[in-house]
Every structure is written in C-alpha cells, then in structure tokens.
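Accompanying notes for the structure given below.
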Number of protein chains: 2
Amino acid sequence: MNDSGGNAERKRPRRPSQERTSQRDPERTRAAILEAATREFAENGMGGARVDAIAERAGTNKRMLYHYFGDKEQLYLKVLEEAYVGIRTAERALHIGDRSPEEGIGELALFTWRYFLQHPEFLSLLGTENLHRARWLRQSIRLKELHSHLIGELSEVLEQGKKQGVFIETADPLNVYLTIASLGYFYLSNQYTLSTIFGRDLIEPTHLNAWERHIVHVTLASIKR
Amino acid sequence: MNDSGGNAERKRPRRPSQERTSQRDPERTRAAILEAATREFAENGMGGARVDAIAERAGTNKRMLYHYFGDKEQLYLKVLEEAYVGIRTAERALHIGDRSPEEGIGELALFTWRYFLQHPEFLSLLGTENLHRARWLRQSIRLKELHSHLIGELSEVLEQGKKQGVFIETADPLNVYLTIASLGYFYLSNQYTLSTIFGRDLIEPTHLNAWERHIVHVTLASIKR
DNA sequence: CCATCAAGTAACTGTTTAGTTACCGGCTTG
DNA sequence: CAAGCCGGTAACTAAACAGTTACTTGATGG
C-alpha cells in the first residue's frame, strides 16, 4: 500500500567509494563497540541507551553491533559481565591474607573504595541492573563462581583474626563485604542528590579523602573486639 | 501536503455514550496520576517510564496528565519532590533528641532502615535521579531547607553525646547520616544483583532482621568512644 | 434554561527507535 | 586468479513514543 513508486527496478544507493582508510580489524571493532556500549549504558541506563549512539561512539555502525552481539540485550549483558570480571580480577591480585587480619580488611576496604571511585561506570551498571531486578544478570550462569573466591578469602582472614583475638566472634564475611561496599557505593552513586540536598560538594578531594578514612574506620570498628 | 482526504467536512468520532459512571473529581484524578507516576517511574526509571502507561495505571488518559502536570519531566519532578517530603516529614516526628544520645542515634538508624524497607519506590527514584546527575532535583529550589532540620537535630544529639563522654570527638553529623543511609540503601537497592552473585536471598526475613541489627551495631560502634 | 467553563475522551501526528536489508570491497585460499 | 567469505556501509521499515487537537459531557451561576 505504502510502496511509493510502483516500478520494479529498485534504486541501489551506489556509494561514491571515496578514498577511505578502511583498515579492517574485527577485534578492534568488537572492543570499540563494547567500550562504547559500556559508557552509553552507564550514562543512560538500559532503557535510555540508544543503539545508534553506541555505534556512533564506537566509530562504526549498527550492522556491526548486531553482527557481533546479537541484539541490544545481549550486548548489555556482555557489558555487565565484563564489568564484574574487571573488579573481581583486580580483587584477586590483592591477596588480603598475606598481611595481618586487620591490615587485610583495611586493604580490601581501601581497594574497593578506590576501584569504585575509578570506575563510576561499574556503579551505574549495577544501579541499572538492580532497577530491573537483575533480569539480565540472572541469565548469566557462568558468573556465579566468579564471586565465591572473594567470600572464601575474606572468610579465612576473619577466622585468623578471631583466633588471634582481634576480631569479634560474630563477624561474618558477607556482612563485612556488604558494609565496605555499602559505604563506598552509596557515597559515590548518590553523590549528586546528596550534594544537592545537603549543600556540600561530596566529590571534592578533601571530602573524598575523609570518606576513605571513614570507611576503613567504620569497617574495623564494627568487627574489632 | 499530507492532508489526506481533501473534503472540508471532518469526521467527528461520535462516542457511543454508553452508561458510564463518570464521577468527575479533579483532586482524585490528580492524586491517582501522581501515584501511578510514582510507581511507573520507580519501576522503569525516567527513560523507561511510559506516559501512556501512567495514564492507564491512573485510570485516566494522557490529556489529563498533561493538563495537571505540564509534561513528563515536570510530573517526574513532582513525584521526586513528594518522595523527599514523605521521608523528611516522617523523620521530624521522631524527635531523636528526647532520648539518650545513644538511643537517639539507634532510633534514627532503625527508622531510616524501616522507611527504606517500606518505601522501595523512594530508593528507585533516588537511583534514577542520580543516574541523571540530579538533573531535575537541581531545578527544585524549595527543597533545600527541607533537609537542614535533619542535620541540625542530629548535630545536637552528637554534641550532647560528646559532652557526656560517650561519643568520640571526631563524630560528624553528615558522616553519621551517610553511614546509616549507606548501609540501608545499598543492601536494599542492590539486593537483586547481590542475591544473584552471592547465592543468598537477602530479602528473607531472617537476613533482613540480622541486617537491621547490623546497621545499629555498625553505626554506634563507629562513634562510641 | 442557556451560556460558559472545566473535566474528560480518543484519534492523530511528527519523530525517534530497534532491528533489517541490499549492497560493497578487500583478503584468503583452492 | 577467481570465488566466496567476512568486515563494513547506508538506507529503509514497522512500531513505539511524547505531545496535540478536535471534540463531548456535566455542573453552575445569571
């Protein structure tokens, strides 16, 4: 019905073939799309992110995006998975069991805070995923074992501290991690509304450093005997 | 140009006028739209919320929504403002200065946790607003003074505690509030990803109660001498 | 008892969006 | 050295969307 121009011959849009530095590089294109998608999803959420915007940011076009990642949802899941792999990988390199229990926990708190500070896009992605009740993360089975290492190592450090009599007996590994993550996550992810309603610029270096010390202080105060 | 059907007479879509319980009630319609909008924005964020969906949830139509609230952005801001008024109003009724300093802080921690627990839509709205860097909240001037009361009252309680020698001298009102809010906000707003990756159902009553006690414990441990 | 205005309805419009299709061209390999 | 595959482009399409318009209904005061 709306087939404007009923003639059979279809005009093909013969491109002018102007001298282009085409440089085919699948890996680079793929990586560029993933990075552009990370930024776009972090800035606008799943609902607000635009596929066209991702393609443009990556210096390519939608066709390649669908070619490599299937569709918007699969691309989003890939971005989320990579973000988790990023923090858990960096965390493993810490080896918090190598120091005294107290230093180990302090080290983990400092690392987590600084990682959050340097990776705001990770916090944004978590926020978006939780808005949707982990709808996409739930589909990712391979991620489960990624996080068990953290709890295992943390558990060992706490046990050692209890044996040495420096930590209280009720200290729980998941609770300790949630405490550390809470204090870092809320301060950073909610900095915009907090700065607005309380009239204090939370991202200023002085306040940032004070909060870093505060996190370590609170975490240790909550488990020390 | 695209004026399909060149005849001057316009077909008017004469509605069948079937027995309807129309009940005109501006206040109720307005309130219904606001409540429907709160749920829709909380569930889908600013980008994901649909104006049609809000109208349908409210049992009315888009025309009324635009009539009462201007446009989608103004409606969203109204929803956000009302959410803040809600928690700050309930907070004022606490009068944390009436008890001992230690009890007062514990009371505030408990209240905040329980309010967050009972108002998940408030947490969602905060998350959405922060994703957009407080873009809409910043436009709301009248909200600034709403929050100063909280910090003022909290400050008095801390000072009293310091005089009595039960709190450390470095205890800061904003830091204390941020600590309480962090521990409540993160646990609830990130419960979906956390439950998924750590394989523990955080919303289960047992764990919920344990975390409530944990918040009070951590908050007090961080400021007690 | 009718003129007026506010409450309310539903179809419409221009734009944006995710996803698709038709086509191009350089590199590898049989 | 040609054939076809893979990386790449741009225009297209159907659906969804925010916002508008043309119109109806009911209440009220002069």
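Letters A, B, ... mirror the listed sequences (proteins, then strands); counts begin at 1.
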ask   = Whole-Å distance between D:dA10 P and A:Met64 CE?
value = 12 Å

inquiry  = What is the distance, to the nearest angstrom, from the CZ atom on B:Arg28 to the C1' atom on C:dA7?
reply    = 13 Å

key: Spacing between B:Leu75 atom CG and D:dG19 atom C1', to the nearest angstrom   = 14 Å

task = Please work out if A:Ala49 contacts a base, only the sugar-phosphate, or nothing of the nucleic acid, heavy-atom cut-off 4.0 Å.
result = sugar-phosphate

task = Output yes when at least one side-chain N/O atom of A:Arg63 is less than 4.0 Å from OP1 or OP2 of D:dG7, else no.
result = no

inquiry  = Below the 4.0 Å mark, does D:dG8 have OP1 or OP2 next to a side-chain nitrogen or oxygen of A:Tyr68?
reply    = yes

task = Can you tell me the distance, in whole Å, between the CG atom of B:Leu65 and the P atom of C:dA10?
result = 16 Å

request  = Ignoring backbone atoms, test whether B:Thr29 places a side-chain nitrogen or oxygen under 4.0 Å from the OP1 or OP2 oxygen of C:dG8.
outcome  = yes

key: Side-chain H-bond candidate by donor/acceptor type, B:Thr179 with A:His214, under 3.5 Å   = yes

remark   = From CZ of A:Arg30 across to P of D:dC6 the rounded distance in Å is 16 Å

ask   = Does one side chain, of B:Glu81 or B:Ser140, offer a donor that lies under 3.5 Å from an acceptor on the other?
value = yes

inquiry  = Is the phosphate of C:dG8 approached by B:Asn61 (side-chain N or O, under 4.0 Å from OP1 or OP2)?
reply    = no

inquiry  = So that I can tick it off, tell me whether A:Arg57 and A:Glu35 are bridged by a salt bridge, with the cut-off set at under 4.0 angstrom between side-chain N and carboxylate O.
reply    = no

request  = Without swapping roles, check the side chain of A:Ser124 against the backbone of A:Ala42 for a donor-acceptor pair under 3.5 Å.
outcome  = yes

query = Roughly, in whole Å, what's the span from NE2 in B:His67 to C1' in C:dA10?
reply = 17 Å

message = Both B:Gly59 and A:Gly48 contact DNA chain C. Taking the nearest nucleotide for each, which residue is further toward the 5' end?
response = B:Gly59

inquiry  = Can you see if the side chain of B:Lys72 gets near the phosphate of D:dA18 - specifically, an N or O under 4.0 Å from OP1 or OP2?
reply    = yes

key: Rounded interatomic separation in angstrom, taking CD1 from A:Ile54 and C1' from C:dG19   = 13 Å

ask   = Rounded to the Å, how far apart are B:Asp52 CG and D:dA15 P?
value = 16 Å

key: Note, B:Thr128 side chain near B:Tyr76 side chain (heavy atom, < 4.5 Å)   = yes

